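Keep in mind it's a predicted model, so treat the numbers as computed, not measured.
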Amino acid sequence: MPIDVSLPLPHSDLAPAERARLLAPTLAALSDERRLTILLTLAEGAMTNRELHEASGMSPALVSHHLVALRSAGLVESAPVGRSTLNSICCDQLADPVRWLAHLATLTPEGQRSCCTDAPLGSEAADAG
(Lines give C-alpha, C1' and ligand atoms only; values in the text may rest on other atoms or scores of the structure.)
Protein backbone atom coordinates (compact mmCIF):
# COMPACT_ATOMS: atom_id res chain seq x y z
CA MET A 1 0.00 0.00 0.00
CA PRO A 2 1.56 3.31 -1.05
CA ILE A 3 2.30 5.87 1.61
CA ASP A 4 0.42 9.11 1.09
CA VAL A 5 3.02 11.81 0.62
CA SER A 6 0.70 14.38 -0.88
CA LEU A 7 1.95 17.86 -0.29
CA PRO A 8 -0.39 20.67 0.53
CA LEU A 9 -1.23 22.64 -2.57
CA PRO A 10 0.84 25.82 -2.52
CA HIS A 11 -1.44 28.68 -1.56
CA SER A 12 -2.83 30.63 -4.46
CA ASP A 13 -6.00 32.52 -5.16
CA LEU A 14 -5.20 32.32 -8.87
CA ALA A 15 -6.92 30.07 -11.39
CA PRO A 16 -4.73 27.35 -12.91
CA ALA A 17 -4.38 29.29 -16.19
CA GLU A 18 -3.23 32.41 -14.33
CA ARG A 19 -0.76 30.41 -12.22
CA ALA A 20 0.56 28.73 -15.40
CA ARG A 21 1.06 32.14 -17.00
CA LEU A 22 3.16 33.21 -14.01
CA LEU A 23 5.18 29.98 -13.76
CA ALA A 24 5.84 29.54 -17.50
CA PRO A 25 8.69 32.07 -17.82
CA THR A 26 10.62 30.48 -14.97
CA LEU A 27 10.04 26.96 -16.23
CA ALA A 28 10.92 28.02 -19.80
CA ALA A 29 14.23 29.41 -18.57
CA LEU A 30 14.90 26.12 -16.76
CA SER A 31 14.03 24.04 -19.84
CA ASP A 32 17.22 24.98 -21.68
CA GLU A 33 20.04 22.51 -20.98
CA ARG A 34 22.74 25.19 -20.99
CA ARG A 35 20.81 27.45 -18.61
CA LEU A 36 20.17 24.52 -16.32
CA THR A 37 23.90 23.70 -16.46
CA ILE A 38 24.68 27.26 -15.36
CA LEU A 39 22.18 27.04 -12.47
CA LEU A 40 23.54 23.68 -11.35
CA THR A 41 27.06 25.09 -11.49
CA LEU A 42 25.99 28.13 -9.46
CA ALA A 43 24.42 25.77 -6.91
CA GLU A 44 28.01 25.08 -5.84
CA GLY A 45 28.45 28.78 -5.05
CA ALA A 46 28.58 32.21 -6.62
CA MET A 47 30.88 32.53 -9.64
CA THR A 48 32.11 35.15 -12.03
CA ASN A 49 31.31 34.94 -15.73
CA ARG A 50 34.84 33.69 -16.36
CA GLU A 51 34.54 30.97 -13.71
CA LEU A 52 31.22 29.88 -15.24
CA HIS A 53 32.85 29.78 -18.68
CA GLU A 54 35.68 27.60 -17.36
CA ALA A 55 33.43 25.33 -15.28
CA SER A 56 30.79 24.80 -17.96
CA GLY A 57 32.96 24.61 -21.06
CA MET A 58 30.69 27.14 -22.78
CA SER A 59 32.16 30.11 -24.60
CA PRO A 60 32.19 33.42 -22.70
CA ALA A 61 29.62 34.82 -25.15
CA LEU A 62 27.29 31.84 -24.64
CA VAL A 63 27.57 32.11 -20.85
CA SER A 64 26.72 35.82 -21.06
CA HIS A 65 23.81 35.15 -23.39
CA HIS A 66 22.27 32.58 -21.04
CA LEU A 67 22.93 34.69 -17.96
CA VAL A 68 20.82 37.45 -19.53
CA ALA A 69 17.90 35.02 -19.87
CA LEU A 70 18.38 33.69 -16.34
CA ARG A 71 18.50 37.21 -14.91
CA SER A 72 15.37 38.16 -16.89
CA ALA A 73 13.56 35.18 -15.36
CA GLY A 74 14.76 36.25 -11.91
CA LEU A 75 16.73 33.03 -11.40
CA VAL A 76 20.18 34.60 -11.19
CA GLU A 77 21.39 37.76 -9.51
CA SER A 78 24.55 39.46 -10.72
CA ALA A 79 26.63 42.09 -8.98
CA PRO A 80 29.77 43.88 -10.09
CA VAL A 81 32.87 42.99 -8.10
CA GLY A 82 35.87 44.94 -9.28
CA ARG A 83 36.22 44.28 -13.00
CA SER A 84 34.16 41.08 -12.84
CA THR A 85 30.51 40.20 -12.37
CA LEU A 86 29.59 37.77 -9.59
CA ASN A 87 26.56 35.60 -10.31
CA SER A 88 24.46 33.70 -7.77
CA ILE A 89 21.19 31.79 -7.71
CA CYS A 90 18.08 33.60 -6.59
CA CYS A 91 16.43 30.85 -4.56
CA ASP A 92 13.22 32.80 -3.96
CA GLN A 93 12.34 32.67 -7.65
CA LEU A 94 12.91 28.90 -7.72
CA ALA A 95 10.85 28.13 -4.62
CA ASP A 96 7.33 28.61 -6.03
CA PRO A 97 7.79 26.48 -9.18
CA VAL A 98 9.50 23.77 -7.11
CA ARG A 99 6.58 23.68 -4.65
CA TRP A 100 4.05 23.43 -7.50
CA LEU A 101 6.04 20.71 -9.31
CA ALA A 102 6.49 18.75 -6.07
CA HIS A 103 2.75 18.92 -5.49
CA LEU A 104 2.01 17.75 -9.03
CA ALA A 105 4.47 14.87 -8.64
CA THR A 106 2.51 13.47 -5.70
CA LEU A 107 -0.87 13.36 -7.45
CA THR A 108 -0.41 9.83 -8.79
CA PRO A 109 0.62 6.62 -7.02
CA GLU A 110 3.73 6.49 -9.25
CA GLY A 111 4.65 10.01 -8.18
CA GLN A 112 4.12 9.17 -4.54
CA ARG A 113 6.37 6.12 -4.82
CA SER A 114 9.11 8.11 -6.52
CA CYS A 115 8.87 10.82 -3.89
CA CYS A 116 9.28 8.26 -1.14
CA THR A 117 12.38 6.42 -2.34
CA ASP A 118 15.82 6.98 -0.94
CA ALA A 119 17.47 6.13 -4.28
CA PRO A 120 19.94 8.73 -5.52
CA LEU A 121 19.04 10.80 -8.55
CA GLY A 122 19.72 8.89 -11.75
CA SER A 123 19.58 5.41 -10.21
CA GLU A 124 16.29 4.56 -11.99
CA ALA A 125 18.19 3.54 -15.13
CA ALA A 126 20.39 1.19 -13.12
CA ASP A 127 17.34 -0.35 -11.47
CA ALA A 128 15.59 -0.88 -14.83
CA GLY A 129 18.55 -2.72 -16.38
Side-chain angles (χ1 to χ4, degrees):
M1 181 165 141
I3 299 170
D4 182 13
V5 293
S6 59
L7 298 173
L9 186 64
H11 177 70
S12 176
D13 294 330
L14 301 175
E18 293 168 320
R19 175 56 58 182
R21 185 178 50 78
L22 292 174
L23 292 172
T26 301
L27 296 174
L30 293 171
S31 70
D32 183 276
E33 184 177 341
R34 291 181 179 127
R35 291 182 196 141
L36 191 53
T37 296
I38 289 171
L39 280 179
L40 292 170
T41 304
L42 288 175
E44 298 171 11
M47 294 185 184
T48 65
N49 289 21
R50 182 178 179 169
E51 291 169 331
L52 279 170
H53 150 66
E54 292 170 355
S56 69
M58 291 181 231
S59 70
L62 195 55
V63 167
S64 294
H65 167 76
H66 287 296
L67 282 171
V68 168
L70 291 168
R71 279 193 298 269
S72 294
L75 295 168
V76 169
E77 295 176 336
S78 300
V81 177
R83 293 174 40 176
S84 298
T85 301
L86 191 63
N87 305 286
S88 59
I89 291 178
C90 181
C91 293
D92 290 342
Q93 188 65 19
L94 283 170
D96 199 32
V98 168
R99 279 192 292 270
W100 280 94
L101 291 173
H103 170 75
L104 290 173
T106 64
L107 296 179
T108 65
E110 294 82 11
Q112 288 185 7
R113 280 193 299 276
S114 68
C115 290
C116 293
T117 64
D118 292 331
L121 186 64
S123 65
E124 305 83 26
D127 292 342

Closest heavy-atom pair and its distance - Leu86, Val81: CB-CG2, 3.8 Å
Between CG on residue Leu22 and CD on residue Glu18, distance to nearest 0.5 Å: 8.0 Å
Distance in Å, Thr85 OG1 paired with Arg50 CZ, rounded so as to fall on 0.5 Å steps: 13.5 Å
Nearest non-hydrogen partners of Thr26 and Ala73, listed with the distance: OG1-O, 4.1 Å
Closest non-hydrogen atom pair, Arg35 against Ala28: NH1-O, 4.1 Å
Thr41 side, atom OG1; Met47 side, atom CE - distance, nearest 0.5 Å: 6.0 Å
Exercise: identify the closest heavy-atom pair between Ser56 and Thr37: CB-CG2, 4.3 Å
Side chain to side chain, Leu30 and Leu39, heavy atoms closer than 4.5 Å: yes
Hphob cluster co-occupancy, Leu40 + Leu62, side-chain heavy atoms under 4.5 angstrom: yes
pair Leu67-Leu52: side-chain heavy atoms closer than 4.5 Å: yes
Hydrophobic cluster membership, Val68 vs Leu36, 4.5 Å side-chain cutoff: no
Heavy-atom closest contact (Gly74 atom, Cys90 atom, distance): O-CB, 3.3 Å
Heavy-atom pair of closest approach, residues His53 and Met58: ND1-O, 2.6 Å
OG1 on Thr48 to CZ on Arg83, rounded to 0.5 Å: 12.5 Å
Check: Asn87 side chain, Ser78 main-chain N or O, donor-acceptor pair, under 3.5 Å: no
